[in-house]
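Lettering of chains follows the sequences in order, A, B, ..., and the numbering in each one begins at 1. Reckoned from all heavy atoms, side chains included, excluding hydrogens, waters and symmetry mates.
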Number of protein chains: 2
Amino acid sequence: MNAVSDQPGMASTQSRLLAERLRQSVLDGGFAPGTRLNEVHLARSLSVSRTPLRAALQTLAGEGLLHHTPNRGFTVPALSLGTIIDAYEMRALAEGLAARFAAERGITDALRLQLEASLAEGERSLASDAADGERRRLYAEANEAFHGAIQEAAKSDLVKDVLRICQRVPQTSAHNIVAFELADMRERHAAHQRIYEAIICREPREAEQQMRQHVLSVKMSMARWYTSHLSSASSSTSRQPREPETSGLPQNKRTRRGR
Amino acid sequence: MNAVSDQPGMASTQSRLLAERLRQSVLDGGFAPGTRLNEVHLARSLSVSRTPLRAALQTLAGEGLLHHTPNRGFTVPALSLGTIIDAYEMRALAEGLAARFAAERGITDALRLQLEASLAEGERSLASDAADGERRRLYAEANEAFHGAIQEAAKSDLVKDVLRICQRVPQTSAHNIVAFELADMRERHAAHQRIYEAIICREPREAEQQMRQHVLSVKMSMARWYTSHLSSASSSTSRQPREPETSGLPQNKRTRRGR
DNA sequence: CAATGAGTAAGTGTATTCACTTTAATGAAG
DNA sequence: CTTCATTAAAGTGAATACACTTACTCATTG
C-alpha cells in the first residue's frame, strides 16, 4: 500500500517531513495571517491522511508557530508590527549570547571555514553588478550562513530554540527581506566582519556587543521599510477576532435541500 | 461511552488537559531524566486512549520539553549542568528584557498590586520564624508571583515563550530550589525591591540591569548548590546514548516459546 | 421584514485497527 | 562459553471509523 519503500534516503517519518514542509510554508508566508487551516482539505492537498498532518500541526503549535483553539482547529497568527519589533529586541539579546558563547568556547575549524566562506560570499554579492533582486538573494544566503554558523558555534540547544522562536515571524522572516538598500547591506557586511574578528580573537564581550548592535540595526531598517511599504496592511493586534477565512484548499459548493 | 458529559466546568479538550498534566509532571521531575515514555502504558495509567496522549506528547515535544526519535518515541532529555547554566544566562537576558518592557510600557494597577503583594509576602516569609522548609516554600511562592507579574507586565507573548523555554529545566525548576540559604534569600528580596522601584519609576535601563544581575546571582547560588549537593548524579552530556529505561508503567512478563 | 430556532453539513476530537520497526530472548554453531 | 541468526512480542506510525461541536441555511413567526 505504501508506494515508497526500502528507499535509502528515506530517513524520517511522514509527520516530520510534513512538519518541516509546513513550517517552511508558514514562515515563507504561504498562508495568509489569520488563516484557519482546514485539516481535511490540507490533508487532501498534501496527499496524506489526517493523522500525520495533525501530528505535524500539534508540533508546530507547540513551537508557537501556529495557534490552536479547542474546537476550531489551527490558525496562523497575525502579528502586529509591535510584536515583530519585540522579536528583534529579543533576538538581539539571543544572538548576542550566541556570539558570546562562540567566542568563549572557541569554534571548530569547519565552522570557522563556514564563517569565512559566508563572509566571502557576502563580499562577492556586494561587489557584483548583478540585478538588485539577484544580489539580494545572494546576500540573504550568505547572511543566513553567517548567522547559522555562529548559532552552531554557540553549542547551546537552548539558544538555538530561542532563536527559532524569535524568527518565527512569518513574511518578515530573515531571508525574505534582510537587506533593504545597498548602503544597508554594506553596513551589515562590515558588522559581520567585526563580529567574526571578535569571535576569532576570543573576545566574548566584544562579540556580544557587536552582535547586539548589528541585530538592532537590522531592526531599525526593517521597521523603516515596513512602515513605508506596508503600513496599513496586515497590522493587526495579534489574535484579535479576525474573520475565519479558512484555507487548505477550496471550500466551494454548499448544496443542500430543505429539511 | 464517555463518563463525563454535560459538565459545566469542562472547558478544554482532553489533549490539552493531558498536555498540562504531563508538562507539570516533567517539570516537577515526575519522570527520571532519560526516561523513555511508553505510549501504551502511559495511556493506560492515565485512563485515556493513545490518540489524545500522542497529541499532548507532540505538543510538548514542540515546546522542547520532550525529545522525539522517529521509531523510538518520546524521551525526557537529561540535561547537563552546563546546559542548565546556559539556561540561566539566557533567562537573565529575557527576564531583563521583560523588566525593561514593563518599565517602558508601564504596568496596570492590578499588576502593581500583585507585585506589592508578592514583595510583602516575601518580607513576611523572611521575618517569620517558621521552619526552614516552610519558609522556603512561602518564599518560593512569593518569588514566582513576583516574576510572573513582571512577565505579564511586559505584554509580550514572545518574551513569555522564551522564558518558558528557559525554565523548561526539570528538577531544577524555579520553585523547587529557588532560595538556598537565608542570606541568599535576603539578598534576593532586596533585589526584588530594587527592580520594583525601577519599574515603578519608569526607568527601563535600570530595571533591565537590576533584573539581569538578580538572575545571574541566582545562577551562581544554583551552581554552587548543585555542585556541592549533587555533583555526580544526573550529570550527563545531553542526549548521549543512555540506556532506554522505559517508563509509563511496568513492563513485566516476557513469556515466549521457541520457534 | 427582522428575529429566532430547528436541522444539517462540515469540521474537529477520540477510539480503534492495521502496518511497519525495533528489541530482545532463544537456540544453534563455532 | 561466546557469537550470531532467528523470530515473535512489544511498540510506534498511520489509516479509518465514529462521536461530538460548530456554524450555516432555511423556514417559521411575531
Novice: Rounded to the nearest 0.5 Å, how far apart are CG of Leu57(B) and OG1 of Thr75(B)?
Specialist: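 With rounding to 0.5 Å, CG (Leu57(B)) is 11.0 Å from OG1 (Thr75(B)).
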
Novice: Please report the distance, rounded to the nearest Å, between CD in Gln14(B) and P in dT16(C).
Specialist: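 It is 11 Å, rounded to the nearest whole Å.
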
Novice: What's the CG-P distance between Leu53(B) and dT16(C), to the nearest Å?
Specialist: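 My rounded result for the distance is 14 Å.
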
Novice: Between Glu63(B) and Arg164(B), is there a side-chain N and carboxylate O pair less than 4.0 Å apart?
Specialist: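 Here Glu63(B) pairs with Arg164(B) in a salt bridge, since their nearest N and O are under 4.0 Å apart.
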
Novice: Between C1' on dA17(D) and CZ on Arg50(A), what's the gap in Å once rounded to a whole number?
Specialist: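 That distance rounds to 11 Å.
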
Novice: Looking at Thr69(A) and Arg72(A), would you say the former's side chain and the latter's main chain have a donor-acceptor pair under 3.5 Å?
Specialist: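 Not at all, since once roles are kept as given, no pair shorter than 3.5 Å links the two residues.
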
Novice: Hey, which of these two, Val40(A) or Ser47(B), hits DNA chain C nearer its 5' end, going by closest nucleotide?
Specialist: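 Closest to the 5' end, via its nearest nucleotide, is Val40(A).
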
Novice: Using only side-chain N and O atoms of Arg72(A), determine if any of them is under 4.0 Å from OP1 or OP2 of dA23(D).
Specialist: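 Yes.
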
Novice: Counting just side-chain N and O atoms, does Thr13(B) come under 4.0 Å of either OP1 or OP2 of dT12(C)?
Specialist: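 Looking at the OP1 and OP2 atoms of dT12(C), neither is under 4.0 Å from any side-chain N or O of Thr13(B).
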
Novice: For Arg44(B) and dA10(D), give me the distance from atom CZ to atom P, rounded to whole Å.
Specialist: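 In whole Å, dA10(D) P and Arg44(B) CZ are 11 Å from each other.
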
Novice: Starting at CG of Leu53(A), measure out to CZ of Arg21(A) and round the result to the nearest 0.5 Å.
Specialist: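 Between atom CG of Leu53(A) and atom CZ of Arg21(A) there are 10.5 Å.
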
Novice: Calculate the interatomic distance between His41(B) atom NE2 and dA10(D) atom C1'; express it in whole Å.
Specialist: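 Value for this atom pair: 8 Å.
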
Novice: In whole angstrom, what separates Leu57(A)'s CG from dG11(C)'s P?
Specialist: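 Computing the Leu57(A):CG to dG11(C):P distance gives 15 Å.
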
Novice: Can you check the Arg36(B) CZ to dT12(D) P distance for me, whole Å?
Specialist: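 For the pair Arg36(B) CZ and dT12(D) P, the rounded distance is 6 Å.
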
Novice: Kindly indicate whether the side chain of Thr51(A) and the base of dA15(D) share any N or O donor-acceptor pair separated by less than 3.5 Å?
Specialist: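 Indeed there is one.
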
Novice: Side chain of Asn71(B) only, heavy atoms from C-beta on: which candidate in dT12(C), dT14(C), dT21(C) is closest?
Specialist: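 Side chain of Asn71(B) sits closest to dT21(C).
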
Novice: For the side chain of Pro52(A), starting at C-beta, report the closest nucleotide among dA15(D), dT12(C), dG11(D).
Specialist: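 Comparing dA15(D), dT12(C), dG11(D) against the side chain of Pro52(A), the answer is dA15(D).
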
Novice: Which listed nucleotide (dT12(C), dG11(D), dA14(D)) is nearest to the side chain of Asn38(B)?
Specialist: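 For the Asn38(B) side chain, the nearest candidate turns out to be dG11(D).
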
Novice: Considering non-hydrogen atoms only, spot the tightest contact between Lys160(A) and Gln151(A) and give its length.
Specialist: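 Minimum heavy-atom separation between Lys160(A) and Gln151(A): CG-OE1, 4.2 Å.
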
Novice: Could you state the atom-to-atom distance from CG of Leu46(A) to P of dA15(D) in whole Å?
Specialist: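 Rounded to the whole Å, the gap is 12 Å.
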
